[in-house]
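One structure is given here, and the rest of the page talks about it.
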Amino acid sequence: MSEVKVAVLGGSGAGKSALAVRFLTRRFIGEYASSADCITTKHTSVDGSCSNILFFRVHLHLFQPQQGKLSLADELHWADGFVIVYDISDRASFAFAKALLYRIRESHIGVCKKMVESSIFLVGNKQDLCHMREVGWDEGQKLAIDNKCQFCELSAAEHYQEVVAMFTKVLRNITANFKVKEKRRPSGSKSMAKLINNVFGKRRKSV
């Protein structure tokens, strides 16, 4: 049983907690009194494969910039994938999501970019508040294209199936990345073994 870790991030009031809880419990909870971080688990399966234990580190507070940078070191090392959430009726939360995406990409410069990008999902939440919209769908789509990540708009309050579909896609991409990593390891080990055998084999012949 594999362990998949997803960090759900976003500005204050974006609805990141409600989004994760909606998927985990089917229930919608509009507001949280707590400002503490939490890790929650869920057992599920993707495409009929073996069950995964999913850890959601849901941040309920706004990250404070430190010396011009967002403090995300622990989350960036901890997570296998990211769901970046903003409120379509709040332009400030969209700007914060943009800063988060930049920070994630910046921290993964030395990693396989395709694998990282496929595990990031930008979500425009609160689609039920279209009458109060401040961020257009096309703006969210463009931000996702610019950062080469996936994008959708939904409502954690009203769209349970869409929430499930979004998280399922994130998990599918992460597990696919796991499989790619596993395939690479044996080939690397075989190459190293072959190199060692060649070196020591030559030495035996010379002796």
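Note that the coordinates shown come from a computational prediction; the quantities given were computed from them, not determined experimentally.
The same ILVMFWY cluster, assembled from side-chain heavy atoms under 4.5 Å apart, contains both Val164 and Leu171. A continuous path of ILVMFWY side-chain contacts below 4.5 Å connects Leu24 to Val170, so both sit in one hydrophobic cluster.
You'll find the side chain of Val83 reaches within 4.5 Å of the side chain of Leu19, heavy atoms only.
Remark: the Tyr160 side chain and the Arg22 side chain contain no N/O donor-acceptor pair separated by less than 3.5 Å.
Among all heavy-atom pairs drawn from Gly140 and Leu122, the shortest one is O-CD2, 3.5 Å. Shortest non-hydrogen contact noted between Glu153 and Gly136 is OE2-C, 4.2 Å. Among all heavy-atom pairs drawn from Ser89 and Glu134, the shortest one is O-CD, 3.3 Å. Summarising the geometry of Cys149 relative to Leu101, their closest heavy-atom pair is SG-CD2, 4.1 Å, with the distance given to 0.1 Å. In terms of heavy-atom proximity, Ala7 sits nearest to Ala79 at CB-CB, 3.7 Å. Across every non-hydrogen atom of Val135 and Asp87, the tightest pair is CG2-O, 4.4 Å.
Residues in residues 88-101 take part in these salt bridge (Lys or Arg N to Asp or Glu O under 4.0 Å) pairs, two or more places apart or across chains: Arg91-Glu139.
For Lys126 (side chain) and Ile88 (main-chain N/O), no donor-acceptor pair under 3.5 Å exists by modelled atom type. Remark: side-chain polar atoms of Asn173 are not paired, donor with acceptor, to backbone N or O of Ser119 under 3.5 angstrom. Without hydrogens or angle criteria, Asp80 side chain to Ile174 main chain gives no donor-acceptor distance under 3.5 Å.
Every residue was checked against the salt bridge (charged side-chain N to carboxylate O under 4.0 Å, His left out) condition with Asp128, not counting sequence neighbours, and none meets it.
The CG atom of Leu9 sits 4.5 Å away from atom CD1 of Ile84, with the distance rounded to the nearest 0.5 Å. Distance check: Phe28 CZ to Ser155 OG gives 6.5 Å after rounding to the nearest 0.5 Å. Here the CZ atom belonging to Phe82 is positioned 6.5 Å from the CD1 atom belonging to Ile120, to the nearest 0.5 angstrom.
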**OP:** Under the side chain to side chain contact (heavy atoms under 4.5 Å, CB included) rule, what do Phe167 and Val163 come out as? Steps first, then yes or no, please.
**Re:** CA-CA 6 Å; Phe167 274 114; Val163 171; 3.8 Å; yes

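Using a 4.0 Å cut-off between charged side-chain N and carboxylate O, Asp138 and Lys142 make no salt bridge.
Below 30°, between 30° and 60°, or above 60°: for Phe94 and Tyr86 the angle between ring planes is above 60°, a perpendicular geometry.
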